Amino acid sequence: MITDARVLQPEFVPGEVQHRDAEVNHLSAALRPLIDGDPTDPVLIDGPPGVGKTCIARFTVERLREASVALNHQYVNCWEEYSRFKTLYQILDGVASTIDIHRQSTPTDVLLDRLRDYDGPPYIVILDEVDQLEDKSLLYDLYRIPELTMVLIVNDEAQLFAGLDDRLNSRLNACTRVHFDTYPKSELTAILHDRVRWGLNADYLQDGVLPTIAELAAGDARTAIGILRQAAHTVHTNSHDMLTDSIAEEVAPAARTEIRRNAVERLTHHQEVIYTIINEAGEITPGDLYEAYRDRVDNSKTKRTVRNYLAKLEQYNLIAADGQTKGRRYRTLTDAALA
DNA sequence: CCTCCACTGGAAGCTGCGGTAT
DNA sequence: ATACCGCAGCTTCCAGTGGAGG
């Protein structure tokens with residue numbers, strides 16, 4: 001039933017977008033001076049997960065590039081390229097040769113210098129999930145490179161600003177903001193409809209299944225498309241003759257935890273043990289947690305390191321911490337349905 | 001209300017790794 | 001070979017904080 005699997009992938013950028021005209025126009029207008037070679041302030045895109053921030057940013061920049069020959073652009077996911085070095089490397093990779101740059105022995109200053117020396121056409125850098133960036137001062141360094149224009153994408157605006165110093169704080173506060181809200185059910189259904197049109201055989205769809213999926217996804221397009229993908233996959237592998245509401249409902253939890261599972265897979269053994277302990281307990285005090293952790297691994301890390309792990313797990317939204325100092329409790333954030 | 005102390009998170013220092021330079 | 005370099009991950013140290021119990 002799947003005719004083009006690409007359109008169901010999370011990173012797929014459609015050739016046309018619906019329902020986000022206002023945001024696309026807002027973003028293009030903010031970046032338009034670049035076409036005339038004028039310097040442009042950064043743009044800050046914010047909104048909850050799965051509302052098309054990444055998609056619209058990439059789409060708009062791509063369209064801008066088509067309208068102007070002299071424009072470079074690069075997309076960097078700060079979750080994956082979380083360190084200063086990795087981010088800089090990706091950015092530099094978009095415009096210059098990086099073959100002689102070696103991961104270990106090249107100081108990050110050299111990367112930055114090279115980027116400062118850049119004198120090509122205007123360069124748009126999309127920094128996705130920028131709140132995940134470890135060293136936010138990099139943003140200040142990038143800000144001061146005139147040829148470089150940043151498009152910053154954040155889920156949690158407060159968390160981003162908390163990590164910034166005053167200089168950058170006031171500057172980013174003043175820059176163009178594009179805010180995304182969750183999709184209404186009708187728009188989500190329309191988006192799913194497009195994906196079906198591009199990549200699925202609609203004969204296999206039960207009437208009304210797309211609104212059901214939209215309902216299950218609660219305004220989150222990434223989840224909606226994930227459910228559609230997994231449901232289509234289920235229909236295909238089990239040779240069902242229809243994608244029904246019940247199949248959609250069946251795969252929905254798995255689709256919802258997919259992103260979380262990817263995050264868990266990225267954890268080290270020690271981090272995973274800690275995550276498991278919290279999951280099993282539901283809620284636990286720091287003292288009990290550390291004790292349980294030490295019982296369960298061979299060469300346990302120190303408490304301080306475990307605290308760093310906990311901060312990381314919290315940032316990945318795998319766990320939550322309530323209360324201050326002695327009242328602190330760590331708890332699970334989800335259904336914990338990890339296969 | 002006051003004191004204790006479990007806990008947090010910043011800072012500095014150490015180590016091992018992957019790499020270059022001599 | 002050997003010395004050296006920068007980084008990431010870890011540890012050690014510590015000042016600060018707020019909940020619990022006298």
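Below, chains carry the letters A, B, ... as their sequence lines are ordered, and counting in each starts from 1. Model, not experiment: these values are computed from the prediction.
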Exercise for the section: Whole angstrom is fine here: how far is it from NZ in A/Lys301 over to P in C/dC10? Expected result: 5 Å
Problem - Any A/Tyr309 side-chain N or O less than 4.0 Å from OP1/OP2 of C/dC10 - result: yes
Exercise for the section: Compute both the distance and the angle, then confirm whether A/Arg58 meets the cation-pi test with A/Tyr75: under 6.0 Å from the six-membered ring centre, within 45 degrees of the axis. Expected result: yes
Practice task
Ignoring backbone atoms, test whether A/Ser83 places a side-chain nitrogen or oxygen under 4.0 Å from the OP1 or OP2 oxygen of C/dA8.
Solution key: yes
Fill in the blank from the handout: Rounded to the nearest 0.5 Å, the CD1 atom of A/Ile126 sits from the CG atom of A/Asn77 at a distance of 11.0 Å
Fill in the blank from the handout: OG1 (A/Thr244) and OH (A/Tyr204) are apart, to the nearest 0.5 Å, by 14.5 Å
Fill in the blank from the handout: Between NZ of A/Lys326 and P of B/dC7 the distance, given in whole Å, is 8 Å
Handout entry: Protein-nucleotide distance (A/Leu313, atom CG; B/dT8, atom P), rounded to Å
Key = 13 Å
Exercise for the section: Can you measure from CG (A/Asp288) to CD (A/Glu283) and round to the nearest 0.5 angstrom? Expected result: 11.0 Å
Practice task
Kindly confirm or rule out a cation-pi arrangement of A/Arg307 over A/Tyr290, judged by NZ or CZ under 6.0 Å from the six-membered ring centre and within 45° of its axis?
Solution key: no
Handout entry: Under-3.5 Å donor-acceptor pair between A/Arg328 side chain and C/dG19 base
Key = no
Exercise for the section: Could you tell me the separation between the CG atom of A/Leu267 and the P atom of C/dG9, rounded to a whole number of Å? Expected result: 13 Å
Completion exercise
note: A/Tyr89, atom OH; C/dG6, atom P; distance rounded to Å ~ 19 Å
Exercise for the section: Classify the nucleic acid contact of A/Tyr290 as base, sugar-phosphate or nothing, counting any heavy atom under 4.0 Å across all strands shown. Expected result: nothing
Handout entry: Short side-chain N/O contact from A/Thr325 to OP1 or OP2 of B/dC7, under 4.0 Å
Key = no
Exercise for the section: Rounded to the nearest angstrom, tell me the gap between atom CD in A/Glu291 and atom P in B/dA6. Expected result: 13 Å
Problem - Nucleotide B/dC7, atom P - distance to CG of A/Leu310 in whole Å - result: 12 Å
Fill in the blank from the handout: Of the candidates B/dG9, B/dA6, B/dC7, the side chain of A/Arg304 sits closest to B/dG9
Completion exercise
Here the distance between atom P of C/dC7 and atom CG of A/Leu138, to the nearest Å, is 13 Å
